[in-house]
Amino acid sequence: MATGIPELEDKLPEVLELTERYIKAFFEDLDTLNVERAEHYPRATESVDKMAEIIRKLLADQVAYRSEDGSIYYNIARFPSYGKLAHIEVGELKCGARVSQDEYEKESACDFALWKAYDAEDGEVYWDQYPDLGKGRPGWHIECSAMAIMLLGEHFDMHTGGVDNIFPHHQNEIAQSEAFTGKTFVNYWLHSAHLQVEACKMSKSAGNFFTLRDLTEQGHDPMAIRYLLLSAHYKSSLNFTFNALEAARSSLDSIANFIRRLKDQQGAQRKEIAAVGEARERFEKALADDLNTPEALAAVFHLVREGNQAIDKGDVGSLGAGLALDLLRKMDTVLGLHLDRYAQDDELTAEQQKLVDERQAARKARDFALADARRNELLEVHGIVLEDTPQGLRWKKGARI
RNA sequence: GGCGAUGUGGCCGAGGGGUUAGGCAGCGGUCUGCAAAACCGCGCACCGCAGUUCGACUCUGCGCGUCGCCUCCA
């Protein structure tokens, strides 16, 4: 797996610094959301040699041509399936319709730049070590082909990106890469829809613009955010609302409660939870079906409900509970919701333990007013919930206040 | 304007021509000293109008709304 970092415009020192800052923030956000790292994070600026190689070949094959100003353009007329990805008929496409007609050097309005000849406006941003290309900079799409081919080969399985990249970026990537290699570029394109916020597009002027760190600073659990993101299929635009974020938090809580309950089951019953097999199968099937994460979550809840029922019936011992926990751990290697953090054995502080003891003593003495006062204090001051179960007292941390 | 996508119950959100998505919230109940947790029960949802069909929320057309692209950036 590889994620390209396009920073071609960033040779200016001040811009470079800014870029590094954003890259750092990007990785921090990935960590916050528990997003697994890709194997490679290639940088466009480290792939310019490969870009030059591709351009050279396209030029030699006359798929590309040089314009009067020295720029090199891709001739889309040489790529018959151009437009297929985006369902666009080139003949009907008014490429550049909204561009002022100052690009006379292109043969067709849809032709796109592979190499832009140096222009005074480019300032310090140029490469001049490729005499056959001339002084200039790479076009806007070539870097992705170069990075992909270098790391993943001439043909690979999946390529992802936002829907906004379908045209022209991904279409151009295909044209460049396939003309260069003569091979099918990728098997599957996965295009993710855009996030909406309160049913509107996120924008600063609409006042509904915020970053991941804005949310976490407000105290929202990153895993609730991740859950919310998983609750919609990647292909459909998720309507982010704070209401939905709260719902996600509650959903996650009930999974967490189930896990705590499972960890409590220490009986010798040999019975297994029947739903484990069903849930596993449904979960895998859902993911195999174009990463249907909402359906995968439904499979999790199938296990939760059936598992809770079995526990209520007293059918679940440590064996059955362990098998269910194993499945949940397996599921969480995909879901990445840190389900393992829900444990029963956190330590209480001395002060907390004292409150618990006082509550228990008061309860035993049937002084319910005092018992409830201690319980409320634990909840409101310490975020600890006490539960009286048939097996005795149970407590959990991290309750919402 | 053109192209593509989409419109599901209070909220989020799957789905597919006829049989329960799932979660959250709400209401009623079981359990509990009370709670909490859990369980049980309750919602006759599919933008509008036509059409195809024995039957459509699911297919087709039109209309309306929303999102994306068609320009920069990538």
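In the text below, chain A, chain B and the rest are named by the order of the sequence lines, each starting its count at 1.
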Q: With RNA chain B as reference, determine whether A:L386 or A:I166 sits nearer its 5' end, using the nearest nucleotide of each.
A: A:L386
Q) In the strands shown, is B:U32 matched to any nucleotide by a Watson-Crick or G-U wobble pair with both distances under 3.5 Å, and which? A) none
Q: Would you tell me if any nitrogen or oxygen in the side chain of A:S236 comes within less than 4.0 Å of OP1 or OP2 on B:A14?
A: yes
Q: Remember a base hit wins even if backbone is also touched, and classify A:R305 as base, sugar-phosphate or nothing at under 4.0 Å, heavy atoms.
A: sugar-phosphate
Q | Counterpart base for B:G17, defined by Watson-Crick or G-U wobble contacts under 3.5 Å | A | none
Q: For the pair A:R137 (side chain) and A:A117 (backbone), establish whether a donor and an acceptor sit closer than 3.5 Å, ignoring hydrogens and angles.
A: no
Q: Kindly point out which of B:A74, B:C12, B:A38 is positioned nearest to the side chain of A:D312?
A: B:A38
Q: Remember a base hit wins even if backbone is also touched, and classify A:E387 as base, sugar-phosphate or nothing at under 4.0 Å, heavy atoms.
A: base
(Q) Over all strands shown, is A:D388 touching base, sugar-phosphate only, or nothing at heavy-atom distances under 4.0 angstrom? (A) base
Q. NA contact type, A:F368, heavy-atom cut-off 4.0 Å: base, sugar-phosphate, or nothing?
A. base
Q. Out of B:A36, B:G23, B:A14, which nucleotide sits closest to the side chain of A:F301?
A. B:G23
Q) Quantified in whole Å, what is the P atom distance between nucleotide B:U58 and nucleotide B:U19? A) 13 Å
Q: Could you tell me the separation between the CG atom of A:L229 and the P atom of B:A14, rounded to a whole number of Å?
A: 12 Å
Q. What is the nucleic acid contact for A:R261, judged by heavy atoms within less than 4.0 Å: base, sugar-phosphate only, or nothing?
A. sugar-phosphate
Q: Would you indicate what A:N257 reaches in the nucleic acid, counting non-hydrogen atoms under 4.0 angstrom: base, sugar-phosphate, or nothing?
A: sugar-phosphate
(Q) Check this for me: does the side-chain of A:R282 come within 3.5 Å of the base of B:G15 through a donor and an acceptor? (A) no
Q: Answer yes or no: does a side-chain N or O of A:K201 lie under 4.0 Å from OP1 or OP2 of B:G68?
A: yes
Q.
Taking pairing as Watson-Crick or G-U wobble with both contacts under 3.5 Å, can you name the mate of B:G43, or confirm there isn't one?
A. none
Q) If you measure from the P atom in B:U53 to the same atom in B:C46, how many Å do you get, rounded? A) 24 Å
Q. In whole angstrom, what separates A:D122's CG from B:C72's P?
A. 15 Å
Q. How many Å lie between CG on A:L245 and P on B:C11, as a whole number?
A. 18 Å
Q) Checking all strands, does A:H169 fall into the base, sugar-phosphate, or nothing category for heavy-atom contacts under 4.0 angstrom? A) base
Q: Would you indicate which nucleotide in B:C39, B:C70, B:G13 comes nearest to any side-chain atom of A:A232?
A: B:G13
**Q.** Approximate separation, where rounding is to 0.5 Å, of A:I225 CD1 and A:L252 CG
**A.** 11.5 Å
Q: Send over the distance from A:L303 CG to B:C39 P, rounded to a whole Å.
A: 12 Å
Q. How would you label the contact of A:H233 with the nucleic acid (heavy atoms, under 4.0 Å): base, sugar-phosphate, or nothing?
A. sugar-phosphate
(Q) Side-chain N or O of A:S254 versus OP1/OP2 of B:C24: is the shortest distance under 4.0 Å? (A) yes
Q. Of the nucleotides B:C67, B:A21, B:G23, which one has an atom closest to the side chain of A:Q196?
A. B:C67
(Q) Measuring from the side chain of A:S250 (C-beta onward, heavy atoms only), which nucleotide among B:A25, B:G15, B:A74 has the closest atom? (A) B:A25
Q. Salt bridge check: are A:R226 and A:D31 linked by an N-O gap of less than 4.0 Å?
A. no
(Q) For the backbone of A:I5 and the side chain of A:R43, can you confirm whether one donor and one acceptor N or O come within less than 3.5 Å of each other? (A) no
Q | Donor-acceptor pair present, A:R366 side chain and B:C34 base, under 3.5 Å | A | no
Q) What is the distance from CG of A:L370 to C1' of B:C34, rounded to the nearest Å? A) 14 Å
Q. Reckon A:A244 touches a base, only the sugar-phosphate, or nothing at all at heavy-atom distances under 4.0 Å?
A. sugar-phosphate
Q. Any donor and acceptor pair, going by atom type alone, linking the side chain of A:R78 with main-chain N or O of A:Q62 inside 3.5 Å?
A. yes
Q) For B:G55, what is the paired nucleotide under Watson-Crick or G-U wobble rules, both distances under 3.5 Å? A) none
Q. With sugar-phosphate meaning primed atoms plus P, OP1 and OP2, does A:T389 contact a base, only sugar-phosphate, or nothing at under 4.0 Å between heavy atoms?
A. nothing
Q. OH/A:Y130 to CZ/A:R56 distance, rounded to the nearest 0.5 angstrom?
A. 7.5 Å
Q) Nearest-Å distance, CZ (A:R394) to C1' (B:A38)? A) 10 Å
Q.
Counting only Watson-Crick pairs (N1-N3 plus N6-O4 or O6-N4) and G-U wobbles (N1-O2, O6-N3), all under 3.5 Å, who is the partner of B:C69?
A. B:G2
(Q) Looking at B:C11, which nucleotide sits across from it as a Watson-Crick or G-U wobble partner, both distances under 3.5 angstrom, or is there none? (A) B:G23
Q.
Rounded to the nearest 0.5 Å, what separates atom SG in A:C110 from atom OH in A:Y74?
A. 12.5 Å
Q: May I ask you to evaluate whether A:N165 reaches the phosphate of B:C69, defined as a side-chain N or O under 4.0 Å from OP1 or OP2?
A: no
**Q.** Aromatic ring pairing A:H141/A:H169, orientation class (parallel under 30°, perpendicular over 60°, tilted between)
**A.** tilted
Q: Map A:L228 and A:R363 onto RNA chain B by nearest heavy atom, then report which one ends up closer to the 5' terminus.
A: A:L228
Q: Using the P atoms only, state how far B:G68 lies from B:A25, rounded to an integer number of Å.
A: 32 Å
Q: For A:L238, answer base if it contacts any base atom (sugar-phosphate contacts may also be present), sugar-phosphate if it contacts only those atoms, and nothing otherwise; contact means non-hydrogen atoms under 4.0 Å.
A: sugar-phosphate
Q: Classify the side chain of A:D372 and the base of B:G33 as holding, or not holding, a donor-acceptor pair under 3.5 Å.
A: yes
**Q.** Closest to side chain of A:P294, choosing from B:C24, B:A21, B:G15
**A.** B:A21
(Q) Suppose we call a contact any N or O donor and acceptor under 3.5 Å apart; does that hold for the side chain of A:R375 and the base of B:A36? (A) no
Q.
Could you tell me how far B:G2 sits from B:A56 if I compare only their C1' atoms? Round to whole Å.
A. 30 Å
Q: Flag the pair A:R282 and A:E295 as a salt bridge only when some basic side-chain nitrogen lies within less than 4.0 angstrom of an acidic carboxylate oxygen.
A: yes
Q) OP1, OP2 of B:C70 versus side-chain N and O of A:Q171: anything below 4.0 Å? A) no
